[in-house]
Every structure is written in structure tokens, then in C-alpha cells.
Engineer: 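Sending over a structure as C-alpha cells; questions will come in a sec.
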Amino acid sequence: MPELPEVESLIRTLRDGSPALPGRVVMRADIVWDGVLANCCDNVFQASIRNSKFSAINRHGKYLIFALTAPEPPKNIFFLIVHLRMTGRLYLVSQEHALSRFTRISLQLDEGLALRFDDPRKFGRVWLVQNPAEVTFGLGPDALTVDFTYFASCIVEHRRQIKPLLLDQSFVAGIGNIYADECLFRAGINPITLSDALNNKDIERLYTAVIGVLSEAVDTQGANIDGVFKEGRFAVSVYGRTGRPCLVCNTAIAKIRVGQRGTHYCPSCQPLQFNHT
DNA sequence: CACTCTACCTGTGCGC
DNA sequence: TGCGCACAGGTAGAGT
């Protein structure tokens, strides 16, 4: 599942890899499945993006934000927003490369290239907007650069289980199920601890864990999880390791459901200490 | 406000 | 081999 580190990794590949996306011009848009278009119809999408040139690539949480320059003066800037959700994939290939059965959009570019969006589950969406905030207005600050004061005050001002709070994109943007489990493990915090029961030291450890886990995962091009997501080299400690020994204390990793999500943790390293009411 | 459930989807992997 | 089914999870929206 692409989360913040996988999305950031993808941006770097598209921006700095070879071939690179910035500077490429869209010759034609092929919408293979129009359910992927979140805010416009097939015709409008094709007409709007045609002959536009890709420039900056950015990200807010798990949303990819592609700046494009329209061809005719005044050459206004607009944005293609992409959310990969769970199984979306975005990649640059030669136009000769055959479409996969899961290709939903193929953008034909100059220089014989194509930007493909594949998504078996059809959960991923794309938007075309004048301002990225039209899509990202509900998101909290990006998890990689969130500041401690904001982070700490949101935690104590709410009274929610800490894991669902970490997953709440309006609190911080970018953490998904895998990294939520990893961050809580590193911080030694039980996933169902109520947020207002955390003291300053706990919050500091959690903040350090969030920034640390996510930046390490970015540095290693994302997570490496058997059968789930194997693009990168970031080794998970608890996610998907149910029943296997904790890497710190050898206790069997437990799996429970928290807010309808599979949740992995070490009962010994992450004891539930203070959920008084 | 916090929570739970459902819908959206389909590939994968299990038990039988 | 093949069938049925639980499972995976990001997000929105409705309901408790």
C-alpha cells in the first residue's frame, strides 16, 4: 500500500529518474476507465490536459500533485492530482509498452513516452484542478514536516485511541496502516492508548518515531513487505509479523483489530499502561 | 465528538 | 482442481 514514503519515492523517480517527467508534453490522454476521474468527465479531462507541459512534482500526504503549464498564452498553471489509494501504480514507459489489463489512464507524451496509471482495485482517483487545495483542503500538515507543538497539542486535545488518530489524515497527512503500526512500536506505545493519556515523554517519543520511521523509509525507497509491497528496502518490525518474535524482546507479535484495521504490536514492548477514564 | 459500519473494488490465499 | 469466502485497506458518508 503506498503511504507517504512510497509516494515520496515515486516522486523522486519521476522527477530525477531517466526518463524524467518534468518538461514532457501531453500529446493525448487515453482514459481506459473513466471512473478514475474524480472531478470531471472524460472529454473535459482530455481537452484540458492536451498539449500541456509537466513541471514541478510535489506531494501532500499521499496525494501526488503535478503542476502543468497550459500551451496557449497566458500559459496558466493547473494541477493533476493523483491518489494511488491501495493498489494504484504510476510509471513512465515507452509508448510501445503494452497496456496492462489494469491500466486506467495512459497519457501519451512527447519523446515516445507514456505516463501510465494502473490500479487493479479501481480505488485510485485523479483530479484536474486550478488549485491543489480544492482537493487537499481537509488534510493536516504533512507527517514528514509536522511541527512538534501542533502534533502534541492535537494529541492531548483529543480523547481517541492513538492509532486511529495517527491514521486520521486531517490530523497529520501521510501515515497509513503499515507505518502507524511501525511508529507505535518504535515509540513503545500501545495502539489503543487514549491520546489524552499520553504524557510529554510519550508524545516526544511518538513524534521522534513518526519522523524517524518515515524518513528512514523514504531513504530506503519505501517498505519491503512480503506479498504486500516490495518496492523498497525498509524492513518492518511488526506489520505482518503476527506470531513471530519481537525483534527487541522475542515476545510473539500480536494482531488485533483497532478501528476495523489489522493492528500489529508487541504486547511486551507496547504494554497498555494507563487508559484510566 | 468519537466510534462503527458500509461501500467502493478485486487479487490473493486459505480451508475443504 | 476448484469452489467459496475472509481478507487486505484509504477514504467518504451515514448512522449510533
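Here is how names work: the chains are called A, B, and so on, in the same order as the sequence lines, proteins then strands, and each is numbered from 1.
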Engineer: Is the phosphate of B:dC1, meaning OP1 or OP2, less than 4.0 Å from a side-chain N or O of A:His158?
Structural biologist: no

Engineer: In whole Å, I'd like the distance from the CG atom of A:Asp168 to the P atom of C:dA12.
Structural biologist: 10 Å

Engineer: Is any side-chain N or O of A:Gln161 closer than 4.0 Å to OP1 or OP2 of B:dA2?
Structural biologist: no

Engineer: B:dC3 C1' sits how many Å from A:Ile192 CD1, rounded?
Structural biologist: 14 Å

Engineer: Between A:Arg257 and A:Leu139, who's closer to the 5' end of DNA chain C by nearest nucleotide?
Structural biologist: A:Arg257

Engineer: Is any side-chain N or O of A:Arg160 closer than 4.0 Å to OP1 or OP2 of B:dC3?
Structural biologist: yes

Engineer: Once you measure the plane-to-plane angle for A:Phe234 and A:Tyr179, does it fall in the parallel (<30°), tilted (30-60°) or perpendicular (>60°) bin?
Structural biologist: tilted

Engineer: Rounded to whole Å, how long is the line connecting atom CD1 of A:Ile178 with atom C1' of C:dA8?
Structural biologist: 10 Å

Engineer: Can you confirm whether more than 12 heavy atoms, excluding those of A:Asn200, are under 6.0 Å from its CG atom?
Structural biologist: no

Engineer: Taking CG from A:Leu167 and C1' from B:dC3, how many angstroms apart are they, rounded to a whole number?
Structural biologist: 14 Å

Engineer: Measure CG/A:Asp119 against C1'/C:dG10 and give the value in whole Å, please.
Structural biologist: 11 Å

Engineer: For A:Glu157 and for A:Gln260, locate the closest nucleotide of DNA chain B by heavy-atom distance; then report the residue assigned to the nucleotide nearer the 5' terminus.
Structural biologist: A:Glu157

Engineer: Answer yes or no: is there a side-chain heavy-atom contact under 4.5 Å between A:Val26 and A:Gln108?
Structural biologist: no

Engineer: Evaluate whether atom CZ of A:Arg50 has more than 12 neighbouring non-hydrogen atoms of other residues, nucleotides or ligands under 6.0 angstrom away.
Structural biologist: no

Engineer: Is a donor on one side and an acceptor on the other found under 3.5 Å between the side chain of A:Gln270 and the backbone of A:Pro267?
Structural biologist: no

Engineer: What pairs of nitrogen or oxygen atoms, one from the protein and one from nucleotides 8-10 of chain B, lie under 3.5 Å apart?
Structural biologist:
residue : atom : partner  : partner atom : Å
B:dC9   : O2   : A:Arg121 : NE           : 2.3
B:dC9   : O2   : A:Arg121 : NH2          : 3.1
B:dT10  : OP1  : A:Lys122 : NZ           : 3.4
B:dT10  : O2   : A:Arg121 : NE           : 3.2

Engineer: For A:Tyr91, what residues pass the side chain to side chain donor-acceptor pair (under 3.5 Å) criterion, not counting sequence neighbours?
Structural biologist: A:Asp118

Engineer: A:Gln169 and A:Tyr63: side chain to side chain donor-acceptor pair (under 3.5 Å), yes or no, with the steps?
Structural biologist: CA-CA 11 Å; A:Gln169 305 296 300; A:Tyr63 289 79; over 6 Å; no

Engineer: B:dA2 P sits how many Å from A:Ile155 CD1, rounded?
Structural biologist: 13 Å

Engineer: Could you walk me through whether A:Thr263 and A:Lys163 pass the side chain to side chain donor-acceptor pair (under 3.5 Å) test, one step at a time?
Structural biologist: CA-CA 9 Å; A:Thr263 297; A:Lys163 176 168 175 183; 2.9 Å; yes

Engineer: Between atom CG in A:Asp118 and atom C1' in B:dG11, what is the gap in whole Å?
Structural biologist: 14 Å

Engineer: Using a heavy-atom cut-off of under 4.0 Å over every strand shown, decide if A:Gln169 touches base, sugar-phosphate, or nothing.
Structural biologist: sugar-phosphate

Engineer: Give one of base, sugar-phosphate or nothing for A:Gly262, where a contact means two heavy atoms less than 4.0 Å apart.
Structural biologist: sugar-phosphate

Engineer: With axes from five pairs an end, tell me the bend angle of the helix from B:dA2-C:dT16 to B:dC16-C:dG2, nearest 10°.
Structural biologist: 50°

Engineer: Compute the centroid of each ring, for A:Tyr239 and then for A:Phe185, and state whether the two points are separated by less than 6.0 Å.
Structural biologist: no

